Amino acid sequence: MLHLTFRQLGIFEAVARHLSYTRAAQELHLSQPAVSMQIRQLEENVGLPLFEQLGKKIYLTEAGRELSHYGRVIEQQLSEAESVLGELKGLQRGKLRISVASTANYFVPQLLAIFSRRFPTITVSLDVTNRETLLRQLGENNVDLVVMGQPPVEADVEAQIFMDNPLVVVAPLDHPLANKKKIPLARLQEETFLVRESGSGTRIAVERFFSERGMRLKTGMEVGSNEAIKQSVQAGLGLGLLSRATIEQELTLKRLVVLDVAYLPIMRHWYVVHRKGKRLSAVAEAFKQFMLKESAGLMDEEPHGPSKNKKR
Ligand code: PGA
């Protein structure tokens with residue numbers, strides 16, 4: 001078994017690089033005899049000469065070249081270990097600032113709970129707001145990650161899809177269309193819809209979908225949250241067009257139904273977004289990878305996951 005220390009290896013590496021005891025000694029702030037002595041000890045341990053002297057110059061022997069090769073590999077591995085350990089330290093002390101669209105509030109907390117169980121020492125600050133505010137936060141660079149239904153095209157952001165986000169028509173259980181199959185899309189124009197506030201991504205997606213088809217929905221009340229829309233639909237104030245993620249409980253408890261309408265659901269996706277070129281902290285990077293790789297599978301196991309759609 002080879003007995004050598006990292007210190008000897010470091011000294012050997014410096015001599016091999018300079019091919020000079022004197023210059024290696026200068027670099028390492030050691031005396032020249034101290035360097036020669038360490039090399040002599042190393043050669044004794046190895047059992048072979050590592051340098052040979054020809055005239056005034058020294059050269060690496062074959063054993064020296066081999067050791068130099070392995071020395072570089074060991075050094076690379078050590079520096080890799082150092083950076084991995086550094087990241088782990090960052091992960092343990094890290095803080096995650098995440099902002100999500102109000103609609104994503106129905107599944108992001110479950111994901112955060114699973115993530116926090118894996119990294120129990122991190123702290124999370126979660127803001128739930130609408131699309132308009134999310135865009136402002138991205139612009140001001142005061143969040144690590146944003147979860148939203150449609151990344152902005154004009155802004156400088158990196159956005160990756162991690163899950164489907166179907167929008168469906170929801171109605172009260174006793175609605176005349178509740179049990180109908182393949183309701184024509186145009187039939188919806190006879191109904192009154194409750195709509196989200198104007199900064200909402202859901203609202204923008206609904207308006208775009210119908211206007212692309214030359215249709216216009218009759219809109220009733222403007223309602224500032226998914227929760228309030230669900231309550232209003234149950235109260236018979238109109239129909240709603242909501243992300244499937246928001247109504248799992250109402251479907252299970254049979255308080256609302258999803259209408260079977262041709263060409264629906266409106267298929268959207270969830271994106272994890274951050275500013276382009278942003279240097280993510282270890283925690284933010286870990287959460288982003290967690291969302292991208294594992295969220296769809298984990299959500300399928302959750303009793304009230306947003307949808308049974310598979311990740312694309
Ligand atoms: P919002 O979210 O309707 O709550 O704004 C959905 C989205 O970002 O599209």
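Counting convention: from 1, in listed order, for ligands and their atoms alike. Note that the structure is a prediction, hence the values are computed from the model and not measured. Computed over heavy atoms, backbone and side chain alike; hydrogens, waters and symmetry mates excluded.
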> Which bit of R196 is near ligand 1, meaning a heavy atom under 4.0 Å away: side chain, backbone, both or neither?
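For R196, the contact with ligand 1 is made by the side chain alone.
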> Quick check: do V258 and L251 have side-chain heavy atoms less than 4.5 Å from each other?
yes
> What are the two closest heavy atoms between L242 and V170, and how far apart are they?
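Heavy atoms of L242 and V170 come nearest at CD1-CG2, 4.0 Å.
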> Do E52 and T61 get their side chains close enough for a donor-acceptor pair, meaning under 3.5 Å?
no
> Look only at the side chain of Q76 and the backbone of V73, and say whether a donor-acceptor pair between them is shorter than 3.5 Å.
no
> Quick one: are V35 and Q32 in side-chain contact, heavy atoms under 4.5 Å?
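SC-SC contact between V35 and Q32 ruled out.
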> Output the list of atoms in ligand 1 that are nearer than 4.0 Å to some heavy atom of R131, sorted by atom number.
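That gives atoms 5 (O) of ligand 1.
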> Return a yes/no value for R203: is any of its N or O atoms, backbone included, closer than 3.5 angstrom to an N or O of ligand 1?
no
> Tell me whether N130 has any N or O atom under 3.5 angstrom from an N or O of ligand 1.
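Checking ligand 1 against N130, no N or O pair falls under 3.5 Å apart.
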> Looking at atom 2 (O) of ligand 1, what's its closest protein heavy atom, distance included?
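I find the closest protein heavy atom is A101 CB, 3.2 Å.
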> Which ligand 1 atoms, with their elements, are less than 4.0 angstrom from a heavy-atom of T103?
1 (P), 2 (O), 3 (O), 4 (O), 6 (C)
> Among all protein heavy atoms, pick out the one at the shortest distance from atom 5 (O) of ligand 1; state its residue, atom name and that distance to 0.1 Å.
G201 N, 2.8 Å
> For atom 7 (C) of ligand 1, what's the nearest protein heavy atom and its distance?
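The protein heavy atom lying closest is G149 N, 3.4 Å.
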> Between Q26 and H18, do the side chains contain an N or O donor and an N or O acceptor separated by less than 3.5 Å?
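Q26 vs H18: no donor-acceptor pair found between side chains.
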> Between ligand 1 and R268, can you find any atom pair, the residue atom being a heavy atom, that is separated by under 4.0 Å?
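Distance cut 4.0 Å: R268 passes for ligand 1.
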> Just need the protein heavy atom nearest to atom 3 (O) of ligand 1, so name the residue and atom and give the distance.
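The closest one turns out to be T202 OG1, 2.6 Å.
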> Just need the protein heavy atom nearest to atom 4 (O) of ligand 1, so name the residue and atom and give the distance.
S102 OG, 2.4 Å
> Would you tell me whether N130 and R196 have side-chain atoms, one donor and one acceptor, within less than 3.5 Å of each other?
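The criterion, which ignores hydrogens and geometry beyond distance, is not satisfied for R196 and N130.
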> Does the ring center of F290 lie less than 6.0 Å from the ring center of F119?
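No, the ring of F290 stays outside the 6.0 Å limit from the ring of F119, centre to centre.
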